[in-house]
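A, B, ... follow the sequence lines: proteins, then strands. Residue 1 opens every chain. Computed over heavy atoms, backbone and side chain alike; hydrogens, waters and symmetry mates excluded.
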There are 2 protein chains.
Amino acid sequence: MRVSTRGEYGVRAMFDLALNFGEGPIALKTIAERQVISEHYLEQLMAALRKADLVKSRRGAQGGYELADTPENISIGEIIRVLEGPITPLDCLDEEKTTGPYCGQPERCVLRNLWRELQDSMTQVLDSTTLEDLRQNAYRLEVAE
Amino acid sequence: MRVSTRGEYGVRAMFDLALNFGEGPIALKTIAERQVISEHYLEQLMAALRKADLVKSRRGAQGGYELADTPENISIGEIIRVLEGPITPLDCLDEEKTTGPYCGQPERCVLRNLWRELQDSMTQVLDSTTLEDLRQNAYRLEVAE
DNA sequence: TTCAATTCCTACCTATTTAGTCGGAAATGA
DNA sequence: TCATTTCCGACTAAATAGGTAGGAATTGAA
């Protein structure tokens, strides 16, 4: 039931980009240093995020990464899915046809419903939270202190 | 974000015991066959559940396993914790002292709050569902069909 | 009293996933 | 032209997942 470092680092990096949104591209090295993440490892994660169009990059001097959209249009769920695959407690939940015929095994369905409920509660949190939400919370914490 | 087979099989086995609660000990072999789980592997899981006092066992002929308490007193969360460890998306959520001093890093807190919310939504589902709930749902599905 | 059934225990094993590292090619602004 | 920076493919060590193997101890019943 854990998020791997891919997901955790990825969210941290994207959050870092959200805090610096609108200031042009940020170098990988800068993010890696601020977030204390191995540069080479983070590079792999950014590659995945770029291919998924969540960030855009510029090569060469003064290059770097920036969000491909505004922070309120990027949810944590999207980031996690890109880096960790589908958000589901059991693989079978993804392929199942809810419209399929009755399986004749009420026990199986009962357990499926349980895992489905768990999945729903997880996606509810992750899909409803955006980078903008996090950014605002960070701001609130800063002024409160 | 997955439940491993330990958790999945464990819940299946406990659910099986719940459906047969009150009928004396059920042999591991029987459960393994009904649930299509490797007998030796399930044995390991039952050992953990026994040490955690979620099931009790009887050795020898006519022996087997049965729930250590009534189905309504055993939650899915308990089963998962025994077999998979703490329910938490990030290990750090467990050790953290919420009462500790302000960490001076509002960003970190923001992300922690996110993971905490995710954790809460997961434990809410798993701790509020008992084996008795599942048993009743199975019964409903059976008569509905 | 024997025996088949059954749990209990320790150790071992293999494949996959995780969390990286390494080295260099390609692009780009100054 | 050159320092900076992304891009790319391959490699690797450690941990975790998902089991197997073999036998000792216990118990109800014939």
Colleague: May I ask you to evaluate whether B/Ser38 reaches the phosphate of D/dG18, defined as a side-chain N or O under 4.0 Å from OP1 or OP2?
Modeller: no
Colleague: Please determine whether a side-chain nitrogen or oxygen atom of A/Ser4 lies at a distance below 4.0 Å from atom OP1 or OP2 of C/dT17.
Modeller: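 Looking at the OP1 and OP2 atoms of C/dT17, neither is under 4.0 Å from any side-chain N or O of A/Ser4.
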Colleague: Can you see if the side chain of A/Ser57 gets near the phosphate of D/dC7 - specifically, an N or O under 4.0 Å from OP1 or OP2?
Modeller: yes
Colleague: What about A/Gln44: does its side chain form a donor-acceptor pair under 3.5 Å with the base of C/dT21?
Modeller: yes
Colleague: Does either side chain, that of B/Asn20 or that of B/Asp16, offer a donor lying less than 3.5 Å from an acceptor on the other one?
Modeller: yes
Colleague: Between C/dA19 atom P and A/Leu83 atom CG, what is the distance in whole Å?
Modeller: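 Distance, rounded to whole Å: 12 Å.
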Colleague: For the residue pair B/Glu39 and B/Leu28, what are the closest heavy atoms and their distance?
Modeller: O-CD2, 3.6 Å
Colleague: In whole angstrom, what separates A/Arg50's CZ from D/dT5's P?
Modeller: 17 Å
Colleague: Could you state the atom-to-atom distance from CG of B/Leu42 to P of D/dG19 in whole Å?
Modeller: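 Result: 11 Å.
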Colleague: Check nucleotides 24-30 of chain C for protein N or O atoms closer than 3.5 Å to its own N or O atoms and list the pairs.
Modeller:
residue : atom : partner : partner atom : Å
C/dT28  : O2   : A/Ala61 : N            : 3.3

Colleague: To the nearest Å, how far apart are B/Glu39 CD and D/dG19 P?
Modeller: 14 Å
Colleague: Given C/dT21, C/dC9, D/dG19, which nucleotide is nearest the side-chain atoms of B/Lys51?
Modeller: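 Of all the options, the side chain of B/Lys51 is nearest to C/dC9.
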Colleague: Is any side-chain N of the basic residue among A/Arg135 and A/Glu132 closer than 4.0 Å to the acidic one's carboxylate O?
Modeller: yes
Colleague: How close do A/Ile31 and A/Leu42 get, counting heavy atoms only, and between which atoms?
Modeller: CG2-CD2, 3.9 Å
Colleague: Go nucleotide by nucleotide along DNA chain C from the 5' end; which of A/Tyr41 and B/Leu28 gets its closest nucleotide reached first?
Modeller: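 Nearer the 5' end of the strand: B/Leu28.
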Colleague: Answer yes or no: does a side-chain N or O of B/Arg2 lie under 4.0 Å from OP1 or OP2 of D/dT16?
Modeller: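 No, no such contact exists.
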Colleague: Can you tell me which residue pairs pass the salt bridge (Lys or Arg N to Asp or Glu O under 4.0 Å) test with a partner in residues 57-76 of chain A, sequence neighbours excluded?
Modeller: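 Sorted pair list comes back empty.
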Colleague: For C/dT18, does either OP1 or OP2 sit under 4.0 Å from a side-chain N or O belonging to A/Tyr9?
Modeller: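 So the side chain of A/Tyr9 is outside the cut-off, no N or O lying under 4.0 Å from OP1 or OP2 of C/dT18.
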Colleague: Take the protein atom CD of B/Glu84 and the nucleotide atom P of D/dA17, then report the distance between them rounded to whole Å.
Modeller: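 To the nearest whole Å, that distance equals 8 Å.
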Colleague: Quickly, which of A/Val125, A/Asp127, A/Leu134, A/Asp133 forms a side-chain contact (heavy atoms from CB on, under 4.5 Å) with A/Ile76? Name it, please.
Modeller: A/Leu134
Colleague: How about A/Tyr9 and A/Ser4: does a side-chain donor come under 3.5 Å of a side-chain acceptor?
Modeller: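 Side-chain D/A pair, A/Tyr9 to A/Ser4: absent.
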Colleague: Would you mind reading off the distance between A/Leu45 atom CG and D/dC8 atom P, rounded to a whole angstrom?
Modeller: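 So the two atoms are 15 Å apart, to the nearest Å.
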Colleague: Starting at CE of A/Met1 and ending at P of D/dT16, how long is that distance when rounded to a whole Å?
Modeller: 17 Å
Colleague: May I have the distance from A/Asp91 (atom CG) to C/dT16 (atom P), rounded to whole angstrom?
Modeller: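 The answer, rounded to whole Å, is 15 Å.
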Colleague: Would you indicate, yes or no, if C/dA19 has its OP1 or OP2 atom less than 4.0 angstrom from a side-chain nitrogen or oxygen of A/Thr5?
Modeller: yes
